[in-house]
Structure formats: C-alpha cells, structure tokens
Amino acid sequence: MVIMTGEFEYLLMSGAARLGEKAYGAAIREEIEKVTGRKCSIGALYTTVDRLEAKGLLKTWMGEATPQRGGRAKRMVRVTPKGVQTAREFYDAVTRMSRGVSWAAHHPRGIL
C-alpha cells in the first residue's frame with residue numbers, strides 16, 4: 001500500500017521530528033511558521049495530526065499538565081518509524097523531481 005504525503009503533512013512531520021521530545025501542537029505550529037514564513041492554523045494542524053495518526057505515521061498522547069497552560073495537558077506528538085519512512089520517501093521524490101529545473105539550480109535553459 002502506498003501512502004501519499006502532501007506538503008503540509010510533510011512539514012508537520014518534519015516539525016515534530018525537529019522538536020523531538022518537545023513536539024506538541026503549538027510548538028509544531030510555531031516551528032512551521034518560523035521555517036516557512038507562512039501562517040499555520042491550529043485547526044488545520046490538529047486535523048492533519050489526526051489524519052496522520054490514523055495512517056500510523058504519528059503517535060500522540062497526553063503529556064503532564066503544566067502550570068504555564070493553566071493546569072492543562074499538552075497533546076504530545078512523535079513520528080513513528082512508518083512516518084519516518086514516508087517522510088523520507090516524500091523528500092527523496094521531491095529531490096529527484098527537482099533535479100534539472102530552474103528553481104532547483106541555475107538551469108542553463110531557463111524555465112522549462
């Protein structure tokens with residue numbers, strides 16, 4: 001079975017992987033916004049987290065309640081081994097498709 005990954009799914013998994021043990025919704029959102037320079041809705045983020053978890057690409061659990069969050073717990077996120085493989089395949093496919101195009105490197109023929 002082939003699992004197709006979209007750009008936002010890839011960004012979310014990459015953000016979670018970058019944050020490691022500190023990965024939870026708001027932190028992943030901040031990471032995506034910082035790196036891409038684009039806004040990220042928390043609703044879209046959690047909808048995507050749910051979808052990726054259903055596909056077996058992410059695992060979530062409720063962390064400890066913290067005083068900084070008014071005693072509420074954080075929904076922690078980690079990328080599963082299947083998610084790592086899927087993200088790697090997406091990255092490799094984009095890299096292969098980008099070879100030889102003008103935005104990937106200065107292509108001698110200009111825009112294709």
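When reading the values below, keep in mind they use all heavy atoms of this one structure, side chains included, and skip hydrogens, waters and symmetry mates.
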(request) Flag yes if Y91 and M97 sit in one hydrophobic cluster, no otherwise; membership is Ile, Leu, Val, Met, Phe, Trp, Tyr, and two members link when side-chain heavy atoms are under 4.5 Å apart. (result) no
(request) Heavy atoms only: give me the nearest A17-V79 pair and the separation to one decimal. (result) N-CG2, 4.1 Å
(message) Please give me the minimum heavy-atom distance between A16 and V77, naming the atom from each residue.
(response) CB-CG1, 4.1 Å
(message) Would you compute the distance between atom NZ of K39 and atom CZ of R29 and round it to the nearest 0.5 angstrom?
(response) 7.0 Å
(request) Report the distance from atom NZ of K22 to atom NZ of K74, rounding to the nearest 0.5 Å. (result) 9.5 Å
(message) If I take atom NZ from residue K59 and atom OG1 from residue T80, how far apart are they, to the nearest 0.5 angstrom?
(response) 10.5 Å
(message) Applying a strict under-4.5 Å side-chain criterion to I, L, V, M, F, W and Y, I'd like to know whether I32 and L52 cluster together.
(response) yes
(request) Spell out, as yes or no, whether a donor-acceptor pair under 3.5 Å connects the side chain of E53 to the backbone of T60. (result) yes
(request) Could you tell me the separation between the CG atom of L11 and the CZ atom of R38, rounded to the nearest 0.5 Å? (result) 6.5 Å
(message) With a 4.5 Å cut-off on side-chain heavy atoms, are R18 and V35 touching?
(response) yes
(request) Please report the shortest heavy-atom distance between C40 and L45, naming the atom on each side. (result) SG-CD1, 4.0 Å
(message) Please find the pair of heavy atoms, one from A44 and one from F8, that lie closest to each other, and give the distance.
(response) O-CE2, 3.8 Å
(request) For residues S98 and V94, report the shortest heavy-atom separation together with the two atoms involved. (result) OG-O, 2.7 Å
(request) Evaluate the side-chain proximity of V49 to R75: yes if any heavy-atom separation is below 4.5 Å, no if none is. (result) yes
(request) Compare every heavy atom of Y10 with every heavy atom of T5, then report the nearest pair and how far apart it is. (result) CG2-N, 3.8 Å
(message) Rounded at 0.5 Å granularity, tell me how far OG1 in T86 sits from NZ in K55.
(response) 8.5 Å
(request) Rounded to the nearest 0.5 Å, what's the gap from CG on L58 to CD1 on I28? Could you check? (result) 7.5 Å
